[in-house]
Number of protein chains: 2
Amino acid sequence: MTRLTRDDIVVASGKRFATYGYHGTSMRDLGDDLGILGSSIYAHVGGKHELLVAVVERASDLFSASAAAAIALGGDPDDTLKALVAGHIDVLVDHAAEAKTFLNEAWFLEESDRLHVIQIRNDYEAVFRRTIQLGVDDGTFRRGVDVEVASIYILSILNAIERWFRPNGRLDRAELATDMHRFIVEGLT
Amino acid sequence: MTRLTRDDIVVASGKRFATYGYHGTSMRDLGDDLGILGSSIYAHVGGKHELLVAVVERASDLFSASAAAAIALGGDPDDTLKALVAGHIDVLVDHAAEAKTFLNEAWFLEESDRLHVIQIRNDYEAVFRRTIQLGVDDGTFRRGVDVEVASIYILSILNAIERWFRPNGRLDRAELATDMHRFIVEGLT
DNA sequence: CCTACCGATCGGTAGG
DNA sequence: CCTACCGATCGGTAGG
């Protein structure tokens with residue numbers, strides 16, 4: 001047994017926060033997961049809230065990087081949309097705990113940290129909005145689409161993945177991305 | 001000041017649970033909201049978990065009633081879908097606290113209550129699945145739609161409403177229902 | 001519904 | 001990272 005790093009503790013925090021919530025997790029619970037005492041965690045971090053900040057920050061970095069990568073790919077608006085959908089799924093599947101904590105527990109951050117997260121989420125959503133707007137402008141998507149609301153619908157479908165998708169289920173992530181993109185573009189008809 | 005009823009306490013619990021979560025709510029917080037002591041709540045209920053059960057039960061009754069009403073309306077699958085969407089929006093808007101608690105905190109119910117809620121959610125989702133399947137069968141919706149996944153997408157969009165929709169915002173609930181139905185049926189194109 | 005509590009657990013600290 | 005704690009708060013109860 002080698003010594004734990006701050007990273008180990010942040011990873012374990014993410015798992016606990018994702019499953020039981022920030023308020024449903026005690027420092028002693030966390031210590032149990034790590035094989036140390038709850039009080040020993042304070043050798044690595046200043047407090048419980050700092051762990052929430054660290055977990056949420058990881059997730060927001062991943063989402064931001066995904067959006068940047070989708071833009072960097074180039075292509076028409078529909079290509080960008082495809083990349084945004086696949087990238088979002090990747091983050092949710094590969095970093096489920098951090099993403100769940102980001103989506104569900106960020107509300108419990110202290111004021112300034114919470115505002116910062118809202119800012120990052122808004123920047124991320126703006127990439128979706130701009131992509132759809134470009135698609136409406138060039139005729140890829142239909143005129144009259146409410147760009148703002150459509151972006152929310154798309155992100156709603158994407159974010160809900162953490163509530164039902166299991167990597168070893170009937171669909172793999174590539175099939176999910178394809179099916180979801182088709183639903184977003186064509187709907188039920 | 002007249003005496004409080006059990007109902008008053010359940011309503012206040014829903015609001016607290018929706019905003020701060022079950023674990024983020026103490027009996028003393030609840031008492032403060034109601035103008036009584038936390039310990040006085042035990043004159044009306046057996047325990048904190050009982051309040052969560054009561055709040056979640058209200059929401060599940062409302063969702064079940066909405067699905068039953070949509071079915072009772074009759075009409076073709078697309079009419080039923082419209083009614084399901086509008087009914088779900090009504091529950092989320094008119095009973096926001098209970099619905100949020102149902103969607104986000106039911107996980108913290110005790111085993112048997114949690115399984116019961118999962119059963120009710122599954123029955124509710126089954127109404128969506130059957131409606132879409134009927135639409136695929138009669139040609140209203142396209143062949144090849146993954147009925148199970150499409151139902152999840154639709155419910156994802158619907159459930160996320162509690163995270164962004166404000167009744168006094170740019171859209172009213174009728175506009176939202178119309179826009180959402182169109183997005184579900186036609187997508188972006 | 002309040003008074004007056006209870007034991008358990010919470011986040012966190014001093015010192016090693 | 002542990003020992004040995006701390007004050008605060010938790011869900012809950014007995015008795016009125």
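Throughout, a chain's letter reflects where its sequence line sits, starting with A, and its residues are numbered from 1. Note: hydrogens, waters and symmetry copies are ignored here, and every other heavy atom, side chains too, is used.
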### Message
Measuring to OP1 and OP2 of dC10(C), would you say a side-chain N or O of Ser26(A) lies under 4.0 angstrom away?
### Response
yes
Next on the checklist: Looking at Tyr42(B), I'd like to know whether one of its side-chain N or O atoms comes within less than 4.0 Å of OP1 or OP2 on dT13(D).
Outcome noted: no
note: His49(A), atom NE2; dG12(C), atom C1'; distance rounded to Å ~ 12 Å
Ranking dC2(C), dG12(D), dT13(C) by distance to the side chain of Leu37(B), first place goes to dC2(C)
Separation of dC1(D) atom P from Asp32(A) atom CG, nearest Å, is 14 Å
(Q) Donor-acceptor check, side chain of Asp179(B) to backbone of Leu176(B), threshold 3.5 angstrom: yes or no? (A) no
When Asp29(A) and Ser39(A) are each assigned the nearest nucleotide of DNA chain C, the 5'-most assignment goes to Asp29(A)
Here the distance between atom P of dC10(C) and atom CE of Met27(B), to the nearest Å, is 18 Å
query = When the ring planes of Trp164(B) and Tyr153(A) are compared, do they come out parallel, tilted or perpendicular, using 30° and 60° as the limits?
reply = perpendicular
Reckon His44(B) touches a base, only the sugar-phosphate, or nothing at all at heavy-atom distances under 4.0 Å? sugar-phosphate
Whole-Å distance, His23(B) NE2 to dG11(D) C1', equals 13 Å
(message) Classify Gly38(B) by what it touches in the nucleic acid, base, sugar-phosphate, or nothing, heavy-atom distance under 4.0 Å.
(response) nothing
Practice problem: May I ask you to say what Ile41(A) touches in the nucleic acid, namely base, sugar-phosphate or nothing, with a heavy-atom cut-off under 4.0 Å? | Solution: nothing
Arg16(B) CZ to dG11(D) C1', in whole Å, measures 16 Å
*Hey, are the side chains of Val11(B) and Arg58(B) touching, using non-hydrogen atoms and a 4.5 Å cut-off?*
yes
When both distances are under 3.5 Å in a Watson-Crick or G-U wobble arrangement, the nucleotide paired with dG15(D) is dC2(C)
Lys48(A) atom NZ is separated from dT9(C) atom P, nearest whole Å, by 15 Å
Closest to the side chain of Arg3(A), out of dA4(C), dG12(C), dC1(D), is dC1(D)
Quick note, Leu4(A) side chain, CB onward, closest among dA4(D), dC1(D), dG11(C) is dC1(D)
Among dC1(D), dA4(C), dT13(C), the one nearest any side-chain atom of Ala43(A) is dC1(D)
Find out whether the Lys NZ or Arg CZ of Lys48(A) is both under 6.0 angstrom from the six-membered ring centre of Tyr22(A) and within 45° of the ring's axis. yes
*asked:* If you count heavy atoms of other groups shown closer than 6.0 angstrom to OH of Tyr20(A), is the number above 12?
replied: no
Between Ser40(A) and Arg28(B), whichever has its closest DNA chain D nucleotide further toward 5' is Ser40(A)
Atom CG of Asp33(B) and atom P of dC1(C) are separated, to the nearest Å, by 14 Å
Rounded to whole Å, CZ of Arg6(A) lies from P of dC1(D) at a distance of 14 Å
